[in-house]
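Sequence lines set the chain letters: A, B, ... in the order given, protein chains first and strands last, and positions in each chain run from 1. Side chains are part of it too, since the values below use all heavy atoms of this structure and drop only hydrogens, waters and symmetry mates.
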Amino acid sequence: MTAPATDRPRPTEGVDPDLDPAWLDEPAPRAGRDLLRMRPVRALLRSRWYPGIFQVPVAAVFGLVAYQLLAGPGTAHRNSGTALMWVLWWPVLPLLFVLAGRFWCAVCPFGVISDLVQKVVGANRPVPRWLKRYGIWVIDAQFLAITWSDHVWGIVESPWGSGILLLLLTTGVIASGAFFQRRTFCRYVCFLGGLCSNYGRTGMVGLSADTSICATCTARAACYNGTTDADGTVLTAACPLFTFPRTMDSTANCNLCANCVKSCPNDAIQITVRKPTSELWSVRTPRAAESFLAMAIMGIVLIQNLTMLSIWTDALTWIADTTGITNAALVFTMAFAVAVAAPVGLLAVASRIAAARNVEDTWTNFARFGYALIPLDVAAHLAHNLFHLLAEGGNVVTTLAELFGAHPGERSAALVGTGTIQVLQYALLALGVALSVYTARRLAHRRYRTTARRRGTLAPYVVVIALLAAVNVYLFALPMAHRM
Amino acid sequence: MHRPSRIVALAGLSVLLAVLGPAGVASAASHVTAAGSAAGVLAQDRTPAPGPSSMAGMDGMAGMSGMDDGSMPGMDHGSAATPGTGAPAGSGAGPAGGQGGHDDMAGMPGMSNGHDDAAPVSRPVGWVVGAFVVVNGLMMAAAAVLRRRRPARPVTRRRRPATV
């Protein structure tokens with residue numbers, strides 16, 4: 001591991017070194033190479049066809065998926081909509097987040113629907129204040145609710161259920177586009193957007209503005225508001241996710257739509273390559289809700305793994321026997337709550353221990369160091385999804401072939417062998433553990449100057465990372481059932 | 001917004017709704033009787049048994065009497081081998097080896113791929129899509145009225161009160 005930056009200010013006399021404002025006000029890490037200096041990239045992003053050239057094919061596939069889910073074969077393993085949605089798109093999505101941040105949001109069909117509705121009938125009301133404040137909790141709750149309902153009603157295994165889910169989400173998108181400004185749904189409500197913003201922080205690509213150029217800008221925040229001509233015709237749309245490049249310190253709410261690249265008259269926007277996870281340790285205002293989301297997702301991944309194992313049945317039976325509850329949904333809800341609460345509880349306990357050894361309270365520690373778990377989160381999620389992609393990926397080909405009239409016959413859905421999948425899963429987990437520990441270390445070193453506080457803070461989080469990694473390793477070692 | 005772009009947007013929206021609603025609003029009425037509650041509809045569709053990660057087929061979730069004796073569909077797969085990532089090497093059928101358990105599961109209760117021959121279930125597609133179109137149409141109409149009556153104004157920045 002590389003040593004943390006040492007070009008930090010010297011301590012102020014008579015002040016606790018860890019409370020010294022000069023220490024806390026560390027500049028953001030240096031940005032890497034600006035991709036906009038590469039002519040093809042610049043031409044693509046400045047083109048009026050971007051991101052439309054990606055939106056059109058994605059929207060076409062979305063239409064096909066929606067049609068298949070609602071009107072196609074009723075069984076999951078014969079339905080190309082289910083295969084495309086849950087075996088191809090869903091497993092690949094986290095990988096896209098890691099590689100390209102929130103780029104998916106720029107091409108997402110829901111975003112296109114929102115824009116379209118807004119153009120036609122949009123009332124363009126401001127985002128409600130409560131949504132701005134608690135939107136991330138709405139996302140957290142929504143994520144949990146969708147996962148819960150998947151297990152109780154079997155949405156993934158049911159094309160019809162998946163179709164209903166799509167229609168419900170589309171209704172939310174249309175409501176948002178009809179009444180509120182820009183992409184309110186994507187920024188404050190969409191659970192995928194929340195996932196995207198969390199995972200995207202580990203990504204290697206980030207958009208930012210050269211603040212030294214922005215300081216002299218007279219364009220009245222064209223990058224944020226968009227540009228119009230003298231008649232009021234929109235030349236470049238406003239930032240759909242309400243992000244002002246000049247002040248942004250995170251790419252969590254940037255979908256690389258390039259509107260700001262097109263509208264900035266000073267070429268101050270940069271899209272830089274950066275160290276993976278570097279954003280996680282440079283967040284200036286950590287938010288507990290985002291840390292909670294990271295932990296909740298970890299719990300969701302755990303429960304997704306658990307429900308594919310035979311021990312899950314034993315666990316449910318044990319809960320039913322112990323509590324005497326006979327309602328299946330209630331028993332599942334109890335197991336679900338425990339699985340989701342476990343990582344959150346672990347982080348809370350670690351934060352409590354860390355708080356006793358440093359100068360911040362438990363809540364602040366929870367918010368700050370929750371980000372350190374995101375790499376492990378992403379790795380566990382990818383490892384889980386890898387199983388679906390590689391062990392069931394053949395279904396995509398089979399169902400699509402059937403859709404277009406071919407008869408591929410019975411064939412294995414697996415694309416590679418069990419051993420290969422497990423090696424890849426463990427490799428991903430190892431990478432996630434390494435990056436999580438590294439991130440926790442950078443966070444501790446960035447926040448604290450004294451060695452004792454650094455170590456005292458870091459230790460409980462390393463234990464949590466190791467525990468969660470061990471649980472994941474154990475679960476991935478057990479035989480798993482297929483989804484479709 | 002200029003008229004042409006509005007027309008293009010409207011056309012796009014129509015195409016999208018048409019894609020989503022193959023049966024169309026017109027056929028909605030014929031499906032009304034097939035409609036049930038959301039959970040009922042989903043459970044009905046998932047014949048004959050839910051997947052291993054689901055509880056939808058558990059006697060309509062009215063109770064769990066089958067849990068103790070392991071007779072509950074969808075829940076009793078644990079005792080059977082569930083070849084997957086950790087399956088023994090010898091269980092491999094098919095080109096990938098070790099993943100072949102998928103095919104071997106056909107017909108096994110609790111495995112979602114074991115229902116090839118399930119009887120087709122009538123789904124209230126028209127009814128649901130019709131409701132979708134009506135709800136969203138009403139919302140868009142309300143938004144359009146709101147837009148005409150009270151056009152959105154640019155948000156003015158509030159001046160922060162002076163502090164001493």
Next on the checklist: Quick check for you: to the nearest 0.5 Å, what is the distance between A:Ser176 atom OG and B:Met139 atom CE?
Outcome noted: 10.0 Å
Checklist entry - Minimum heavy-atom separation for A:Pro159 to B:Arg123, with atom names? => result CB-NH1, 4.3 Å
Checklist entry - What's the shortest heavy-atom distance between B:Arg147 and A:Gln118, and which atoms? => result NH1-O, 3.2 Å
Checklist entry - For the atom pair CE (B:Met140) and CZ (A:Phe179), what is the distance rounded to the nearest 0.5 Å? => result 10.0 Å
Next on the checklist: Please enumerate all residues that pass side-chain contact (heavy atoms from CB on, under 4.5 Å) together with A:Leu428, with sequence neighbours excluded.
Outcome noted: A:Leu382, A:Ala383, A:Leu386
Item to check | For A:Thr170 against B:Phe132, the heavy-atom pair lying closest together | outcome: CG2-CZ, 3.6 Å
Checklist entry - Which atoms of A:Leu168 come close to chain B, meaning under 4.5 Å heavy atom to heavy atom: side chain ones, backbone ones, both, or neither? => result neither
Item to check | With sequence neighbours excluded, residues passing side-chain hydrogen bond (donor to acceptor under 3.5 Å, both in side chains) with A:Thr323 | outcome: none
Item to check | Nearest heavy-atom neighbours spanning B:Ala143 and A:Ala178 | outcome: CB-O, 3.2 Å
Checklist entry - What part of B:Ala142 gets closer than 4.5 Å to chain A, counting heavy atoms only: side chain, backbone, both or neither? => result both
